[in-house]
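All remarks here apply to the structure that follows.
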Amino acid sequence: MASKTNAALEAMIEEATVDAYGDDEQLTGLFTMIEEHLTVPFTTTVLGVEVTVRKIDLAADSVVAVCARGRHRQRVGLLDLPLPTPAPDGAAWIDAYRHWAGR
């Protein structure tokens, strides 16, 4: 989260959740901003293996990255997904989501 200050992250969270009531609607608002602003696909490394993040999806109670390697697919929680350096465009929204989630 070094790319944004806490105040900047709070402002992004406010933007995403301005009309949200409760955690479920806030999560949906943050997911929407991530989906709109994050450039996919991008590659990153998960457990020492290079994968391609194909899309972002909303699970029951979290946001997940749909990762692919060859014909294999795996959903990885966005809170646990390591980001590459440099991070893809729009990754600041992942930082905001992580800040919102308490990480």
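Contact record, R98 with L78: NH2-O, 2.8 Å, taken as the closest heavy-atom pair. Scanning all heavy atoms of the two residues, the minimum distance from V46 to P82 falls at CG2-CD, 4.3 Å.
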Show the atom names and distances, to 0.1 Å, of all donor-acceptor pairs under 3.5 Å that link a side chain in residues 51-69 to residues at least two apart or in another chain.
unit_1, atom_1, unit_2, atom_2, d
D57, OD2, R75, NH1, 3.0
R69, NH1, E50, O, 3.0

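Put simply, L47 and L79 are part of the same group of oily side chains (I, L, V, M, F, W, Y) that touch within less than 4.5 Å, one to the next.
Among residues at least two apart or in separate chains, there is no ring pair (Phe, Tyr, Trp, His ring centres under 6.0 Å) pair with a member in residues 42-85. Within the structure, side-chain hydrogen bond (donor to acceptor under 3.5 Å, both in side chains) pairs that include any residue of residues 19-48 comprise Q26-W100 (at least two apart or interchain).
For the pair I13 and Y97, the minimum side-chain heavy-atom distance is 4.5 Å or more. Contact check for H99 versus E10: side-chain heavy atoms found under the 4.5 Å cut-off.
Taking CE of M33 as the reference point, atom CG of L38 lies at 12.5 Å (rounded to 0.5 Å).
Side chain of T17 to main chain of A20: no donor-acceptor pair is present (N/O by atom type, distance under 3.5 Å, no hydrogens or angles).
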